[in-house]
Amino acid sequence: MLDLKLIRNNPDQVRAGLNKRGAGGLIDELLQLDEERRDKLAKVEALKNKRNVVSKEVGRLKAAKVDATNLINEMKAVNEEIKQLDGIVRSLEEKINDILYSLPNLPQADVPVGPDEAANVEIRRWGEPRSFSFEPKPHWELGEKLNLFDFDQGAKISGARFTVLKGLGARLERALINFMLDLHINEHGYTEVFPPFLVNRACMVGTGQLPKFEEDMFKVGSGDYYLIPTAEVPVTNLHREEILAGERLPIKYVAYTACFRAEAGSAGRDTRGLIRQHQFNKVELVKLTKPEDSAREHESLVQDAERVLQLLNLPYRVVLLSSGDMGFAASKCYDLEVWLPSFGHYREISSCSNFEDFQARRAHIRFRREPEGKPEFVHTLNGSGLAIGRTVAAIVENYQQADGSITVPEVLVPYMGGIKVIK
RNA sequence: GGAGAGAUGGCUGAGUGGUCGAAGGCGCCCGCCUCGAAAGCGGGUAGGGGUUUACGCCCCUCGCGAGUUCGAAUCUCGCUCUCUCCGCCA
């Protein structure tokens, strides 16, 4: 959520920023509603002040056994007026909040401007895509042949976009989860968190999934529960409504969770294989930082995610997303794209975003620099480190042999119980 | 699921209709004392919103939401959460 005071004081700057994302149209309406609200608020607060003063006077008169009927009757009339004005103020606030909650974050100055991924900028590449002496097969073919995944059974027990992992396929999934967690915990200094996979609505609003993207979420039962689309939601919201001591920052969490996405609007895309599933596993990195540190922490978060691909020896590139391709809440976002031989190009495997204070303002996550200092909003960041299913796909495809077997990346062998080849 | 108890500031804990945003204690901050520290002494110490060049002033908030009243932390109703006991259960 953007700061209403910032919009009030710098409407042109905000409008320009939002226009980079095609979302600047509501600012004038917002300003008008804001002005009207403040006008009505001043009126109703003056009346409330009068009520408070007179009520105290009534108390004094009664204590002195003096009749106060006139004052009481006068306040009854004032109360009617307060009630009416309060209603107007509340409905104006609802309209203001509806707009504020629907506005995306402002892009940072160095974010390339453009409507979609065509404007993204490649930052760097690591590793050389392997040249095959044979025609490389897609991961779904290799995996089904080796009995690592079963797409038909996934469809039978659940539906489209669900997959059953079996045998060494399930083992590989679990090995990757443990490998990534260990790396980030032991070498990158993150604290492990294992959160619930169901969260309440306030969490979803806090990180920006709601109210705008309800159709992408799975809602559970009659209650207030949502299946998490990413660990970002529960982990960032750990500190919702809190004021943290400044010396605790930066806070760095790593969490393995399953993730659940309705994939509304993705019908027909990536229908084969592990690339786009309703349920997938992911190891997620989350940081809470002081505002002045978030840019630096963003870069180091990307490097922490890159380290996973480097250790797995998977070729990848880092892409800076354009203003139009970034997620709703992001101010700046790097994607890590891994080389997939079956596609013949790079494919997103991690998304590392700096949200600045956008989520913190929604979720009321603040900190105090000094013990007596004023609370300020933290900056929140997160990134996949990495998406497990896409990593499995990348390993299967990049490590495939002519005979259809898969070499296990060296760092994973201990996590695979010493198995070096999947055949 | 059944029965009962509770929810007040960073923590603890008073407060059952009026001057209470809230006593006391702890913690924290500033000062005095000290070579320095501790102890002691004095003062300060919630969040949000509106307004103001500023000092300041005003409004709201005692789990959340309604209601009664001129006036609610205090009374009424609903909800959420926590604790104890029983049942069920991985």
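Just so it is clear: chains get the letters A, B, ... in the order the sequence lines come, proteins before strands, and each one is counted from 1. As a basis for the values below, the full set of heavy atoms in this structure was taken, side chains included, without hydrogen atoms, waters or symmetry mates.
- Across B/G50, B/C58, B/C70, the shortest atom-to-atom separation from the side chain of A/Leu41 is found for B/G50.
- Across the protein-nucleic acid pair, A/Asn9 atom CG and B/U51 atom C1' stand 14 Å apart, rounded to whole Å.
- At a threshold of 4.0 angstrom between heavy atoms, the contacts of A/Asn73 with the nucleic acid are absent.
- Listed candidates were B/G47, B/G18, B/U51. Nearest to the side chain of A/Pro375 is B/G47.
- Pair check for B/U84 finds B/A3; Watson-Crick or G-U wobble, both atom distances under 3.5 Å.
- Between the C1' atom of B/G48 and the CG atom of A/Asn97 lies a distance of 13 Å, rounded to the nearest Å.
- Here the side chain of A/Arg366 is nearest to one of B/G48, B/C70, B/G49, namely B/G48.
- With a cut-off of 3.5 Å on both pairing distances, the Watson-Crick or G-U wobble partner of B/C11 is B/G25.
- Expressed to the nearest 0.5 Å, how far CD1 of A/Ile419 lies from CG of A/Leu412 amounts to 11.5 Å.
- A/Val54 comes within 4.0 angstrom of nothing in the nucleic acid, heavy atoms only.
- Searching all strands for a Watson-Crick or G-U wobble partner of B/C64 with both distances below 3.5 Å returns B/G78.
- No engagement by A/Lys43 is indicated, since no non-hydrogen atom pair under 4.0 Å with the nucleic acid exists.
- Considering only the side chain of A/Asn49, B/C58 comes nearest among B/C58, B/C70, B/G47.
- A/Lys76 has its NZ atom 7 Å from the P atom of B/U69, to the nearest Å.
- For A/Arg60, the listed nucleotide lying nearest its side chain is B/U19; candidates were B/U19, B/G44, B/G49.
- Residues A/Ser331 and A/Leu106 fail the side-chain proximity criterion, which asks for heavy atoms closer than 4.5 Å.
- Ring geometry for A/His184 versus A/His188: interplanar angle of 30 to 60°, hence tilted.
- Taking every side-chain heavy atom of A/Lys56 into account, B/U19 is the closest of B/U19, B/G48, B/C59.
- Of the candidates A/Leu386, A/Val283, A/Thr391, A/Val308 forms a side chain to side chain contact (heavy atoms under 4.5 Å, CB included) with just one, namely A/Leu386.
- In this structure, the nucleotide among B/G71, B/C28, B/G50 sitting nearest to the side chain of A/Asn79 is B/G71.
- Using a 4.0 Å heavy-atom criterion, one finds that A/Lys374 contacts the sugar-phosphate atoms exclusively.
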Inset, instruction - Start with the C-alpha gap between A/Ser350 and A/Glu348, add the side-chain angles, then the distance that decides, and say whether side chain to side chain donor-acceptor pair (under 3.5 Å) holds. - result: CA-CA 6 Å; A/Ser350 170; A/Glu348 176 189 343; over 6 Å; no
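- Each of B/C29, B/C70, B/G47 was ranked by its minimum atom distance to the side chain of A/Pro371; first place goes to B/C29.
- Nucleotide B/A38 has no partner under the Watson-Crick or G-U criteria, as no pair reaches both atom distances under 3.5 Å.
- With B/C59, B/G49, B/C70 as the choices, the nucleotide that has an atom nearest any side-chain atom of A/Arg37 turns out to be B/G49.
- A/Arg361 comes within 4.0 angstrom of no nucleic acid atom, judged by non-hydrogen atoms across all strands.
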